[in-house]
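What follows is a single structure, written as structure tokens, with notes after it.
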There are 2 protein chains.
Amino acid sequence: MRVMLTEDGPATARDGATAVTAPRGRPGPSMADVAALAGVSSQTVSRVSTDPEKVRPQTRERVLAAMAQLGYSPNNAARALRYGSFETIGLIAHRLARTGESRTVEAVVEAARSHGYTVSLVDVQSPSSTDVDAAVARLTHQAIDGLVIIRAETATPATLALPARLPVVVSDSRFIGHHPAVATDQTTGTRQAVEHLLALGHRTVHHLAGPEDSSPAQLRVEAWQRCLEDQGRPVPPLVRGDWSARSGYETGLALARDPSVTAVFCANDEMAAGLYRALHEQGLRVPDDVSVVGFDDIPLAEYLWPPLTTVAQDFHLIGRLLVDLLLQQVTEATDLADHRALVPVELVVRGSTAPPSDRAGR
Amino acid sequence: MRVMLTEDGPATARDGATAVTAPRGRPGPSMADVAALAGVSSQTVSRVSTDPEKVRPQTRERVLAAMAQLGYSPNNAARALRYGSFETIGLIAHRLARTGESRTVEAVVEAARSHGYTVSLVDVQSPSSTDVDAAVARLTHQAIDGLVIIRAETATPATLALPARLPVVVSDSRFIGHHPAVATDQTTGTRQAVEHLLALGHRTVHHLAGPEDSSPAQLRVEAWQRCLEDQGRPVPPLVRGDWSARSGYETGLALARDPSVTAVFCANDEMAAGLYRALHEQGLRVPDDVSVVGFDDIPLAEYLWPPLTTVAQDFHLIGRLLVDLLLQQVTEATDLADHRALVPVELVVRGSTAPPSDRAGR
DNA sequence: GGGTGCGATGTTTACGTCAACATCGGGCGG
DNA sequence: CCGCCCGATGTTGACGTAAACATCGCACCC
């Protein structure tokens with residue numbers, strides 16, 4: 001089947017009938033090989049790679065030379081087995097390429113590294129329990145010390161089969177109370193956006209919402225509605241997108257045609273960009289005819305035209321907190337069952353909001 | 001430290017003075033524990049998890065029940081040690097949250113999963129050899145069967161210390177000839193963009209380039225220049241950004257003030273968005289006054305105003321090819337030293353390009 | 001000059017799993 | 001009715017590493 005580069009013993013030991021189920025990976029040299037070449041015991045080789053100080057420089061040199069000559073590198077399976085830890089955390093994400101997700105992933109990876117951990121990443125196709133379950137199985141079949149789940153929207157604690165004793169942190173509020181969670185302060189963020197628009201003089205604020213099965217989207221809808229009711233404003237009919245710019249554009253066309261729409265709060269920046277295009281196509285100006293507020297503060301938000309007023313999420317902080325909470329459980333065996341970190345947001349006012357003009361009268 | 005669930009011998013074996021260096025992770029139940037509870041040998045437990053058919057249903061049930069009761073899941077370090085493979089590939093990326101990167105990562109993760117592999121992700125701060133080296137060390141210190149390096153711009157084959165026998169694939173052309181590589185067809189893409197603008201009647205095309213240390217950016221610069229020369233057009237001075245929308249905006253301000261600029265080819269879409277803003281701020285219209293072409297075709301490109309004409313990269317295909325080439329080496333021990341996959345691109349014409357008007361004459 | 005203590009190195013063993021081989025028991029053919 | 005064969009399960013050993021313990025040699029001190 002394949003060329004045995006380093007086989008020195010009788011070939012039948014590894015070839016022959018057992019070839020199919022035999023070990024796959026390149027069986028590179030082991031400590032024993034290095035030890036033999038350097039004329040020391042394998043334990044000395046081990047010491048060289050873990051604590052060089054404990055070995056006499058002269059011996060160390062010999063061992064290092066042997067390592068280099070053989071191209072030795074330690075077998076991590078064996079190390080992990082020995083140590084009982086992989087120094088690896090699992091990360092389950094959905095739609096990884098989305099802005100918020102990729103930034104959170106970046107932060108998680110970075111925070112993990114700063115603690116000496118690596119990240120094993122699985123991207124689930126759909127946020128259903130079935131898919132998330134499969135991802136969990138795949139990761140525990142791999143080797144992880146803990147698990148971070150980012151926005152597994154439709155999965156619920158009841159439906160998710162997690163291995164016993166596996167520390168978990170989630171960034172989806174649906175799991176709050178069941179697992180430690182990190183969540184953006186959706187309510188305050190939404191409130192700031194809506195109140196900003198009302199303060200500018202708009203009679204009410206339309207909402208271009210995210211999909212129903214998304215917990216953050218749902219929270220934003222509720223906060224938007226409550227905020228309007230608190231202020232005694234009429235609550236206009238809800239418009240739903242799917243987070244994509246396309247959906248913002250398509251649903252935005254209807255909003256653009258409705259002269260009563262003077263202010264729109266979009267559940268994310270991508271949909272706001274889609275709405276921008278719909279408004280532009282209808283010959284409407286932002287913010288003169290319609291004010292727009294987004295959510296997330298993606299890097300491009302500042303460079304849309306006009307620059308988008310939006311609620312900035314601190315994805316970086318989310319990622320860091322996720323890792324912190326997870327490693328707290330991993331290293332200290334702490335039970336954080338209902339711990340909940342709320343990440344603050346900040347309204348960034350740019351050029352897409354202004355007092356209303358009389359659209360209907362134009 | 002923690003409750004010893006499965007400890008049956010003297011507690012001092014694991015507690016006491018050795019706690020600091022003792023195995024960390026939850027040493028959950030092993031096959032032996034399950035076997036004891038089910039009243040079978042550990043080999044039978046092993047058979048239940050690897051080949052249930054070989055065990056009598058009655059026995060199987062007992063074992064499964066014991067597994068469930070103890071919350072057993074196989075120790076993958078031991079499995080990996082036994083099999084010689086982790087079914088995991090390492091992935092080194094730089095600036096993970098960038099559009100192209102996150103989409104490539106997504107595709108790699110997905111392709112890896114379809115082959116039954118998991119992805120270990122490391123995001124390097126800078127693309128320098130030092131950082132990439134550290135990432136490689138971190139990953140091989142972990143457990144991987146192969147390594148994918150995405151755009152490690154400034155690292156070069158000579159400076160990078162890769163473990164012997166570790167299969168590698170890169171998506172950076174700087175490594176072509178040293179490792180199998182997957183690269184977007186920068187030259188053709190650039191050519192299409194420039195020729196599209198020239199065909200519309202522009203006298204020449206300015207270029208808003210990516211950073212000097214980026215190999216794709218360099219290739220685009222060279223292709224742009226060669227293309228202009230081939231057509232006998234003047235080659236205007238080069239303008240450099242750093243891929244960010246901000247840099248596109250800042251350098252774009254100068255372009256906007258130069259009346260000889262009628263067409264700009266931007267090295268990516270983000271910088272094109274920044275340029276849009278600079279042009280808008282100067283009261284210039286796209287494409288009436290200045291035509292703009294981007295590169296990448298990010299999801300938002302279609303929803304900028306006007307929709308951006310751009311060169312679409314197939315990040316998904318890149319990811320798939322990376323994994324294919326890597327696993328070919330991993331599973332077949334093939335030497336692909338100078339294999340090189342070129343991923344085609346496609347010019348997507350939208351609303352940001354048009355024949356030139358006489359800017360200077362306005 | 002004979003401990004004595006310490007630094008350097010070797011030996012043993014366990015980590016958890018699974019392939020290979022061993023064993024055991026029952027059904028079936030001769 | 002005996003023996004053979006096969007299916008089900010048990011036993012042994014090896015994967016590569018590193019902790020724990022053992023050993024060896026040497027310098028230093030009384």
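Chain identifiers are assigned alphabetically (A, B, ...) following the order of the sequence lines, protein sequences preceding nucleic acid strands; residue numbering begins at 1 within each chain. Note that these values count all heavy atoms, side chains included, but never hydrogens, waters or copies made by symmetry.
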Interface polar pairs with nucleotides 21-24 of chain D, N/O, under 3.5 angstrom:
none

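When all heavy atoms of A:Met31 and A:Tyr72 are compared, the closest pair comes out as CG-OH, 3.1 Å.
The interatomic distance linking A:Arg62 (CZ) with C:dT9 (C1') rounds to 11 Å, in whole Å. When the P atom of C:dA19 is taken as reference, atom CD of B:Gln43 falls 8 Å away, rounded to whole Å. Between the CZ atom of A:Arg56 and the C1' atom of D:dC26 there is a distance of 11 Å, given to the nearest Å. Nucleotide D:dG7 holds its P atom 16 Å from the CZ atom of B:Arg60, rounded to whole Å. Atom P of nucleotide C:dC18 and atom CG of B:Leu81 are separated by 11 Å, given to the nearest angstrom. With rounding to whole Å, A:Met31 atom CE is found 12 Å from C:dT11 atom C1'. For B:Arg82 and C:dT17, the CZ to P distance is 12 Å, given to the nearest whole Å. One atom, CG of A:Asp33, and another, P of D:dC15, lie 10 Å apart when rounded to the nearest Å.
Comparing B:Thr59 and B:Ala78 by the nucleotide of DNA chain D that holds the closest heavy atom to each, the one mapping nearer the 5' end is B:Thr59.
Base contact: A:Ser46 has a heavy atom under 4.0 Å from a base atom. No engagement by B:Ser42 is indicated, since no non-hydrogen atom pair under 4.0 Å with the nucleic acid exists. B:Val45 comes within 4.0 angstrom of no nucleic acid atom, judged by non-hydrogen atoms across all strands.
Scored by the side-chain contact (heavy atoms from CB on, under 4.5 Å) test, B:Arg60 finds B:Val48, B:Pro52, B:Val55, B:Pro57, B:Leu64 as partners (sequence neighbours excluded). With sequence neighbours left out, the side-chain contact (heavy atoms from CB on, under 4.5 Å) criterion links A:Arg113 to A:Glu110, B:Gln125, B:Arg138. A search for side-chain contact (heavy atoms from CB on, under 4.5 Å) contacts involving B:Ala107 returns B:His316, not counting sequence neighbours.
Within the helix from C:dG1-D:dC30 to C:dG30-D:dC1, the inter-axis angle between the opening and closing five-pair segments is 60°, rounded to 10°.
Exactly one of B:Val169, B:Val108, B:Ile318 qualifies for a side-chain contact (heavy atoms from CB on, under 4.5 Å) with B:Val323. That residue is B:Val108. When A:Val170, A:Leu91, A:Ile92, A:Ile89 are each tested for a side-chain contact (heavy atoms from CB on, under 4.5 Å) with A:Leu147, only one passes: A:Ile92.
One finds a side-chain N or O of A:Tyr83 lying less than 4.0 angstrom from the OP1 or OP2 phosphate oxygen of D:dA19.
For residues 35-57 of chain A, there are no salt bridge (charged side-chain N to carboxylate O under 4.0 Å, His left out) pairs, not counting sequence neighbours.
In this structure a side-chain-to-backbone donor-acceptor pair under 3.5 Å is present from B:Glu106 to A:Leu96.
Rounding to the nearest 0.5 Å places CG of B:Leu322 at 6.0 Å from CD1 of B:Ile150.
Among the nucleotides C:dT17, D:dT17, D:dT9, the one closest to the side chain of B:Thr44 is D:dT9.
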